[in-house]
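So the structure is just underneath, and the comments pick up after that.
Throughout, protein chains are lettered first and strands after them, A, B, ... in sequence-line order, and every chain is numbered starting at 1.
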There are 2 protein chains.
Amino acid sequence: MPRPSRPKLSPQIIVDAALHMVDTAGDFTMPGLAERLNVRPSSLYNHVAGRAEIVELMRARVMDDIHVEGVGAEDGDWVETVAVLAREYRLSYSKHPRLIPLLTAHTVQTDVAFGMYNALATAFAAGGFAPAQVLHAITTLDSFVLGSALDLAAPQEVWANTPRANEPMRAALAAAGTAPHRADDAFEFGLGTLISGWQARSRAV
Amino acid sequence: MPRPSRPKLSPQIIVDAALHMVDTAGDFTMPGLAERLNVRPSSLYNHVAGRAEIVELMRARVMDDIHVEGVGAEDGDWVETVAVLAREYRLSYSKHPRLIPLLTAHTVQTDVAFGMYNALATAFAAGGFAPAQVLHAITTLDSFVLGSALDLAAPQEVWANTPRANEPMRAALAAAGTAPHRADDAFEFGLGTLISGWQARSRAV
DNA sequence: ACCTGAACACCGTTCAAGT
DNA sequence: ACCTGAACACCGTTCAAGT
């Protein structure tokens, strides 16, 4: 069968399949992708430039998943706006935790996330931060969310049975347990810490 | 020349060369490594298990570079201790920024960094945090430092000429400029934010 | 326009053969 | 003990050939 009346492939279809492979296997290859789509590897190149472009399309997919509409108008609470955006940002990552390591391979800062950056800038400016501080605050949140997302992809029993922990560390590990939402709790705690810090610095101005 | 009286290779030598390749080229391959060491690729396997182990050895090299001795004894200021450790932690990453993406590929939490985790646990416990919060605080710092390190590997003109920025964002970008230490400033700002937040929560207990 | 088959350069790894 | 050469399976990509 040389060519069906309707194409068997599209960027859309390819990205879906690649994302599924990453979710289940932690990575993807062009031959593996082709097999999954019942196609020869060379066929993929009729729709995407190559492997790198597929990664970028997955990045865009995740970023587009972030909802910013409506959040954080002029109606006041900049702290709440930042918190909502941060959670939304991380939530979109958490849907495909194993994708994150692939995305950090190049750190190509596409402008896909600009909707969120704009919303954050508005919120921090409303909080009274100077322009230079606004960018730093956004960068801080960005670093924290990305780092937290990497934590999601880590194996569950990260710090299990560890003989080399001292007393405070051992107590901390015992208290945290291996709760399935340990990473979630840690994220909320960290976000709370950042917000407390921003509030303190906002008042200090 | 089949075999010299003294070995031409060692894990030490291999890691040095790999690190140099990553620093200059952003990545390394087994053939490239071998060529640089004037050796055939298969020779490498007499000293390391494979490519993955080389990556782990580079990770260990970076982590061992962190100095924790002496810092944060019982002598009081837990905030200062945390700040020193965070800077030390990030400094060791910043010496090989292009290595970070390779390290995040697996997020293997080796216990190489346990000296620092222990020191952090002691400091946060001294700050009055409950055991469960201690682990969350450490995780927060870990995420933030790792995310910041990735920022270091990013290209310089990250947010250059961007038409889609709104007014607050544009002002922020203009204020920050493309200072060579923009990432450094952002890190210090973020660390300050976290510390303010921890202090606020410490007092609140 | 889009799928295929064959080909290429490259990679990571293994292993018997050498000294 | 340690380097080599040959070999293997696999990968990403190209491109002329088909319809």
In terms of side-chain heavy atoms, does B/His96 have a donor or acceptor partner in B/Arg61 at a distance below 3.5 Å? no
Rounded to whole angstrom units, what separation is found between the CD atom of A/Glu35 and the P atom of C/dT4? 13 Å
Any donor-acceptor N or O pair under 3.5 Å, side chains A/His136, B/Arg182: no
Quickly work out the A/Met30 CE to C/dC3 P distance and round it to whole Å. 13 Å
Between B/Asp184 and B/Arg90, does a salt bridge (charged side-chain N to carboxylate O under 4.0 Å, His left out) hold up when you go through it step by step? CA-CA 10 Å; B/Asp184 292 339; B/Arg90 180 184 180 256; 3.1 Å; yes
Using 30° and 60° as the class limits, which term best fits the ring planes of B/Tyr89 and B/Tyr93: parallel, tilted or perpendicular? tilted
Side chain of A/Thr29 (C-beta onward), nearest among C/dC2, D/dG12, D/dG5: D/dG12
Output the rounded distance in Å from CG (A/Leu37) to C1' (C/dT4). 16 Å
Looking at every non-hydrogen atom in both residues, tell me the closest pair between A/Arg201 and A/Phe129 and how far apart they are. CB-CE2, 4.1 Å
Is it the case that the base of C/dG5 and the side chain of A/Ser42 share a donor-acceptor contact (distance under 3.5 Å, atom types as modelled)? yes
When rounded to whole Å, the CG to P distance for the pair A/Asn38 and C/dC2 reads 18 Å
In which stems does DNA chain C show up, taking only runs of three or more Watson-Crick or G-U wobble pairs whose two distances fall under 3.5 Å? C:4-8 with D:12-16, C:12-16 with D:4-8
Side-chain donor-acceptor contact under 3.5 Å, A/Thr139 with B/Asp151: no
Rounded to whole Å, please give me the gap between NE2 in A/His47 and C1' in C/dT4. 13 Å
To the nearest angstrom, the OH-C1' distance between B/Tyr45 and C/dA16 comes to 17 Å
Taking only side-chain nitrogens and oxygens of B/Arg40, does any of them come within less than 4.0 Å of OP1 or OP2 of D/dC3? no
Could you tell me how far apart B/Glu53 (CD) and C/dT13 (C1') are, to the nearest whole angstrom? 14 Å
Using a 4.0 Å heavy-atom cut-off across all strands, classify B/Ser43 as base, sugar-phosphate, or nothing. base
Going through the checks in order, is the salt bridge (charged side-chain N to carboxylate O under 4.0 Å, His left out) test met by A/Asp23 and A/Arg98? CA-CA 6 Å; A/Asp23 287 342; A/Arg98 308 183 77 176; over 6 Å; no
Nearest-Å distance for atom pair NZ/P, residues B/Lys8 and D/dT4: 5 Å
What's the closest nucleotide to the side chain of A/Leu9 if the choices are C/dG12, C/dT4, C/dC3? C/dC3
